[in-house]
Undergrad: 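Structure incoming, see below.
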Amino acid sequence: MRNGCPIHPWRFAAPTLALAVATVGDAARAELIDAAVQVRASAAELEAAGFTRAGGGVFVSNPAGECAANGCFDLVGAGGPLEAKGFLEFRFSNYTCTPAYYSGLFAVLDLDLAGATVTHSEFIALVNARTASTGVTAMMAAQAANIQGGLFSDWLPSTLADAVVFQWMPPTAPTGPGLSAIYRFAWDLTDETAFGGPIGVGGAFAVPAPAATALLAIAGMGALRRRR
């Protein structure tokens with residue numbers, strides 16, 4: 001139990017995928033590593049290593065309507081094109097950590113693999129091969145769901161239907177009144193040898209474990225707002 005909100009096992013819509021993040025709570029700290037994605041390094045460490053901050057600041061996710069108590073918060077982030085080596089910082093305002101819905105944090109990357117030989121499935125396999133050290137598990141948007149089975153595909157806009165979703169458990173759940181701690185998700189897709197060419201980033205977004213009616217609130221991306 002962390003911050004009064006028990007941690008539930010992560011549930012995928014696709015039963016063949018697995019999660020291995022048992023060591024995240026013990027190892028979560030400022031720690032820059034060589035990996036395609038990571039969540040433990042500090043902003044200073046990332047910037048010193050050449051990562052570019054997406055959006056230029058910290059995004060704030062706000063409660064989304066009447067279902068906020070069940071985890072409905074705005075999906076926030078930056079539209080692309082973004083740097084192939086970058087990071088997103090975000091936090092939550094007045095987040096209610098409901099055990100029945102909380103499954104950790106999520107980032108969504110809109111990836112363009114047209115210039116690479118790696119497929120989405122192969123990219124996901126590369127990320128998940130490092131889950132034990134990064135604490136991050138990747139899946140396609142169509143496979144992602146909250147602990148209650150609420151599918152991301154029920155609320156993500158069609159433009160993100162082929163996006164890759166990344167899930168992890170932070171050491172401290174975003175809960176309580178006011179602003180939460182700042183969380184960050186970083187990516188390094190510059191290893192063209194591993195990917196068989198360049199990978200483009202069309203956008204990077206973040207949200208806590210959402211209920212099926214979460215909203216999309218991204219500055220400058222009104223066309224992506226889902227229809228209620």
Side-chain angles (χ1 to χ4, degrees), residues 1-12 18-33 35-47 51 53-55 57-64 68-77 86-109 127-128 130-139 144-148 150 152 164-188 204-211 214:
M1 179 178 294
R2 296 181 182 133
N3 278 7
C5 190
I7 302 303
H8 292 279
W10 169 238
R11 179 180 299 167
F12 292 105
L19 177 67
V21 296
T23 62
V24 177
D26 295 333
R29 59 185 182 277
E31 177 187 358
L32 182 69
I33 62 175
V37 298
Q38 58 185 299
V39 294
R40 299 171 186 159
S42 67
E45 288 176 310
L46 292 168
E47 290 176 336
F51 288 77
R53 182 194 299 268
V58 180
F59 292 91
V60 177
S61 180
N62 292 295
N70 294 335
C72 294
F73 263 61
D74 295 335
L75 179 73
V76 294
F87 70 99
L88 178 74
E89 283 199 309
F90 57 97
R91 65 197 312 183
F92 306 98
S93 177
N94 298 321
Y95 181 79
T96 300
C97 188
T98 304
Y101 286 91
Y102 182 69
S103 303
L105 303 183
F106 298 83
V108 181
L109 288 185
V127 172
N128 290 345
R130 299 292 307 278
T131 297
S133 58
T134 65
V136 180
T137 297
M139 69 221 80
N146 67 16
I147 196 65
Q148 294 288 343
F152 275 49
V164 178
V165 176
F166 306 84
Q167 183 268 346
W168 71 98
M169 290 289 185
T172 303
T175 188
L179 292 174
S180 74
I182 295 175
Y183 303 97
R184 65 191 56 85
F185 175 82
W187 61 91
D188 183 356
F205 317 104
V207 73

Undergrad: Ala138 and Val164: which non-hydrogen atoms are nearest, and at how many Å?
TA: CB-CG1, 4.1 Å
Undergrad: Are Asp74 and Val207 close enough that some pair of their side-chain heavy atoms sits under 4.5 Å apart?
TA: no
Undergrad: For Asn94, enumerate each residue passing the side-chain contact (heavy atoms from CB on, under 4.5 Å) test, keeping only those at least two apart in sequence or located in another chain.
TA: Pro177
Undergrad: Would Phe59 and Ser61 count as a side chain to side chain contact (heavy atoms under 4.5 Å, CB included) here? Give the steps.
TA: CA-CA 7 Å; Phe59 292 91; Ser61 180; over 6 Å; no
Undergrad: CG of Leu32 to CZ of Phe51: how many Å apart, nearest 0.5 Å?
TA: 6.0 Å
Undergrad: Show the nearest heavy-atom pair for residues Tyr102 and Cys97, with the distance to one decimal.
TA: CG-SG, 3.7 Å
Undergrad: Does any non-hydrogen side-chain atom of Val165 lie less than 4.5 Å from one of Phe152?
TA: yes
Undergrad: Tell me, please, which residues at least two apart from Phe87 pass ring-ring contact (aromatic ring centres under 6.0 Å, His included).
TA: none
Undergrad: Could you walk me through whether Arg184 and Ile182 satisfy the side chain to side chain contact (heavy atoms under 4.5 Å, CB included) test, starting with their C-alpha distance in whole Å, then the side-chain angles of each, then the deciding distance to 0.1 Å, before giving a yes or no?
TA: CA-CA 7 Å; Arg184 65 191 56 85; Ile182 295 175; 3.9 Å; yes
Undergrad: Ala54: which residues meet the side-chain contact (heavy atoms from CB on, under 4.5 Å) condition with it, sequence neighbours left out?
TA: Ala78, Leu82, Leu88, Trp187
Undergrad: Could you walk me through whether Thr137 and Phe166 satisfy the side chain to side chain contact (heavy atoms under 4.5 Å, CB included) test, starting with their C-alpha distance in whole Å, then the side-chain angles of each, then the deciding distance to 0.1 Å, before giving a yes or no?
TA: CA-CA 5 Å; Thr137 297; Phe166 306 84; over 6 Å; no
Undergrad: side-chain hydrogen bond (donor to acceptor under 3.5 Å, both in side chains) with Arg53: which residues, sequence neighbours excluded?
TA: Glu47, Glu89
Undergrad: Do Leu105 and Phe90 pass the side chain to side chain contact (heavy atoms under 4.5 Å, CB included) test, and can you show the C-alpha distance, the side-chain angles, and the key distance before you say yes or no?
TA: CA-CA 11 Å; Leu105 303 183; Phe90 57 97; 4.1 Å; yes
Undergrad: Under 6.0 Å between ring centres: does that hold for Phe205 and Phe106?
TA: no
Undergrad: Give me the atom names and distance for the closest heavy-atom approach of Thr172 to Tyr183.
TA: O-OH, 2.7 Å
Undergrad: In Å, rounded to the nearest 0.5 Å, how long is the span from CZ of Phe92 to CG of Asn62?
TA: 10.5 Å
Undergrad: Can any side-chain N or O of Ser180 pair as donor or acceptor with the backbone N or O of Arg91 at less than 3.5 Å?
TA: no
Undergrad: Just verifying a value: how many Å separate Glu45 CD and Glu31 CD, rounded to the nearest 0.5 Å?
TA: 8.5 Å
Undergrad: Could you check whether any side-chain heavy atom of Phe185 comes within less than 4.5 Å of a side-chain heavy atom of Val37, counting everything from C-beta outward?
TA: yes
Undergrad: Of all the heavy-atom pairs spanning Ala186 and Leu46, show the shortest one and how long it is.
TA: CB-CD2, 3.8 Å
Undergrad: With rounding to the nearest 0.5 angstrom, report the CD to CG distance, Gln38 to Asp188.
TA: 8.0 Å
Undergrad: If you look at every heavy atom in Asn128 and Val136, which pair is closest and at what distance?
TA: OD1-O, 4.2 Å
Undergrad: If I compare all heavy atoms of Val60 with all of Val76, which pair ends up nearest, and what's the gap?
TA: O-CG1, 3.6 Å
